[in-house]
Amino acid sequence: MNKKKTDISSLRDKINKVDEGLIKLLSQRRTLSKEIIRTKEILNNPVRDQKRESELLNRLIKIGKKEGLDSHFISKIFFEIVEDSVRLQQNFVQSKLNRKEKSKETVNAVIQGIEGSYSYLAALKYFSYYNYELSFLFKKRFDEVIQSVEKGEADFAVLPIENTTSGGINEVYDLLLHTTLSIVGEEKFQVKHCLVGIGEVPLRKIKKIYAHHQAAAQCSKFLETMAHSAIEYFVDTAMSVQKISKEENVSYAAIASEEASKLFGLKILKSDIANQAENYTRFLIASRKPQKVDRRIPCKTSIVIATSHTPGSLVEALNVFRKFNVNLTKLESRPILGNPWEEIFYLDFEGNISDETIQKVLNELGQHTRFMKVLGSYPSQELEHTKLEYSKMITKKVDKGIIERTAELQAPVIKKTKSYRLASREYKIDDTIIKVKDVVIGGDNFVVIAGPCAVENEEMIMKCALETKENGAQILRGGCFKPRTSPYSFQGLGFEALNLLAKAGKYYDLPVITEVLDTEHVVDVAKRADILQVGARNMQNFALLKEVGKSHRPVMLKRGLMASIDELLNAAEYILSQGNRQVILCERGIRTFETATRNTLDLSAIPVLKELTHLPVIVDPSHAVGERNKVIPLAKAAKIVGAHGIMIEFHPDPPNSLSDPEQALYFNQFEKLMMELYKL
Ligand code: PEP
Ligand code: MN
């Protein structure tokens, strides 16, 4: 008996020695890996040499056989070892490429949840390949995670995006749409759910199970066998564990990872309880600055698009990937909040934003989309397994030099003749058609936008909406935030007016347009207005242009009082380059030496613009001429000269209008104008 015991301990000692030796060897292997990448850098060799990997594996399998080790065992172990080496080498190349001026030792990662959560474990795994001192910030909600990085409180957000069993995490998708952060990495993490309890208790004694709803969905089959326990949904897996550890009730359990259970010193009542043994969650790593990805590293790019309103536009968009032979790895659709039945698409594809082919893809894609935003290019974690067939050896030729990724990458380069690209006819030959509810702006249509200068009260805007509707005008206008020359003039009733305008629009089934003055208001105004107007005085308010560029609402951009056509198109480019491809231009008169009228309506701008750009052009004769009797002939002229529509101000009692009283038409004048326009 005693002898046996000592035998075991001496055998264990030997095993320990072997294990220690293995660790030393692995560490030596890592050191050699790092030396190799330095040499590869000098020789400009690809990071991954699959031919060499394949030879290595074949050789090892042979040696293994001689030693009595099966090939599956050898490939499994060496896959991990090779993966580690590839990631180390990729990390070396990446860190060199994205080196910060002052290299920072500590990075802050922010996650939703607490220590022990899957986000926490995925972050540990991701950053273990970097030489960072990692510290964590914990938030309750995903939007707080994103804000924390946007504000500069944390460096990286680690966000779950999809799970192989339960699918996409919608909330994170929706947040990605609006964030200014870029995706810089991804991490795949194998989720191994366990049932965790505070003591050894038979499963039939468990009365309550705390579970995150995603985790519960992934373990639904196991939970069916636990019909005697109540399921209580909880915000987070690790927090469920924290909760049972606090409550100290042996009949309570939680679904979480083994690591979380260990962290709280609890017992695993049953492991591997997920429906699918292979249960992976993909996490995205996002930071304020986009990362450049070395061309030798397999790279993925994520974008978000909304396709045009024309039939078949999604197919056309996807055909672009086929044309350029770019592999799509993911297509996920989400509804656009506030636009029922409209969808936005998240696409992941193989390729680097600095590759010429990807630039071409984005360039063509832009012609079939009304919104496009690049979320980022990042090293792909979908490492291909080493292939054993010699025939499939791939050694890509490497282009030298990396093109800087700037905001311009969202607007891929085509032959440069003008300072704007996306707005130009060269970029898009066909007219842009913008659909707002049932109203079509652009192409051969002529639309009339009509309403008061400002929304003054409920009764007044309802009367105006009725007037618009009854005379066949299609869109209701009304100023809520007024850009007045004097700070003492009526400034508009703000959001109160917007509620009234939206109510009137809804009642008469008319889309509504209103001006947005402040970057901070864009999101809230877009909730209630169908079209956002950027006024003449703000045509070069670049911060505002960028903000409306992120919106999903079409934007009508008015020409500045002193702006050239070129400046107007460059201002439109600001909006387009942010992703919003639904821009309507508006000629509203410019300042000239002529003082007989409020401004001078530049009617020649209409055919000029129609030649230079694919965007629709609307004429506003009211603000141009500033005098009601002269609005009528100019409105007609606009239609004759080829404008896609006009915008007219009227008022139930023009002389008493709170703003622009001289130019507001009387209702009967408007009615006559509509009849005359109809005949043209
Ligand atoms: C308006 O349309 O209400 C307006 C203020 O126009 P503009 O910006 O062209 O002066
Ligand atoms: Mn006005």
Side-chain angles (χ1 to χ4, degrees), residues 447-456 460-461 464 468 473 475-487 489-494 497-498 501 511-518 521 525 529-541 544-545 548 554-563 565 567-568 571-572 575 583-592 597-603 605-606 609 617-628 630-631 634-635 638 643 645-666 670:
V447 292
V448 178
I449 306 170
C453 182
V455 176
E456 297 173 6
M460 174 262 194
I461 191 64
C464 290
T468 300
I475 300 170
L476 176 66
R477 67 151 282 151
C480 304
F481 300 91
K482 296 303 300 173
R484 303 307 297 276
T485 305
S486 160
S489 304
F490 173 63
Q491 303 286 311
L493 300 177
L498 184 55
L501 179 70
V512 300
I513 177 169
T514 200
E515 177 162 354
V516 56
L517 275 182
D518 192 325
H521 289 166
V525 172
D530 301 288
I531 307 176
L532 305 175
Q533 176 173 317
V534 172
R537 289 154 197 84
N538 273 320
M539 191 202 83
Q540 285 189 320
N541 178 341
L544 184 63
L545 297 178
V548 295
V555 176
M556 187 167 90
L557 175 66
K558 299 190 91 174
R559 182 174 175 184
L561 278 70
M562 303 283 274
I565 289 175
E567 285 163 337
L568 171 64
I575 304 174
V583 178
I584 305 157
L585 303 172
C586 178
E587 163 58 44
R588 47 78 71 206
I590 47 172
R591 282 270 165 86
T592 63
T597 52
R598 184 174 178 183
N599 293 289
T600 303
L601 180 63
D602 182 11
L603 277 176
I606 291 46
L609 282 168
V617 186
I618 301 284
V619 168
D620 170 358
S622 303
H623 290 88
V625 72
E627 209 185 306
R628 67 182 129 266
K630 299 190 178 75
V631 168
L634 289 178
I646 51 168
M647 181 158 90
I648 300 289
E649 282 186 359
F650 60 54
H651 194 279
D653 179 13
N656 289 312
S657 172
L658 292 182
S659 54
D660 290 347
E662 295 84 8
Q663 70 198 38
L665 300 189
Y666 283 93
F670 178 65

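All ligand and atom numbering here is 1-based and tracks the order in the structure. Side chains are part of it too, since the values below use all heavy atoms of this structure and drop only hydrogens, waters and symmetry mates.
Between Val455 and Thr514, the closest side-chain pair of non-hydrogen atoms is not below 4.5 Å. Within the 4.5 Å cutoff, side-chain heavy atoms of Val447 are placed close to those of Ile618. Met647 is listed as a side-chain neighbour of Lys558, based on a closest heavy-atom distance under 4.5 Å. Contact annotation: the side chain of Pro655 approaches that of Tyr666 to within less than 4.5 Å [non-hydrogen atoms, C-beta and beyond].
Formation of a donor-acceptor pair under 3.5 Å by the Arg628 side chain with backbone atoms of Leu665 is not found in this model. Put simply, the side chain of Arg477 gets close to the backbone of Pro452: a donor and an acceptor are under 3.5 Å apart.
The salt bridge (Lys or Arg N to Asp or Glu O under 4.0 Å) test applied to Lys482 returns no partner, not counting sequence neighbours. Residues passing the salt bridge (Lys or Arg N to Asp or Glu O under 4.0 Å) test with Arg598 are Asp660, sequence neighbours excluded.
Looking at Glu567 and Arg559, no side-chain N of the basic residue comes within less than 4.0 Å of a carboxylate O on the acidic one, giving no salt bridge.
Sorted by chain and number, the heavy-atom contacts of ligand 1 below 4.0 Å come from Arg477, Lys482, Pro483, Glu515, Gln533, Gly535, Ala536, Arg537, Lys558, Arg588, His623, Met647, Glu649.
Distances under 2.8 Å from the Mn ion (ligand 2) pick out the protein N/O/S atoms Cys453 SG, His623 NE2, Glu649 OE2, Asp660 OD2.
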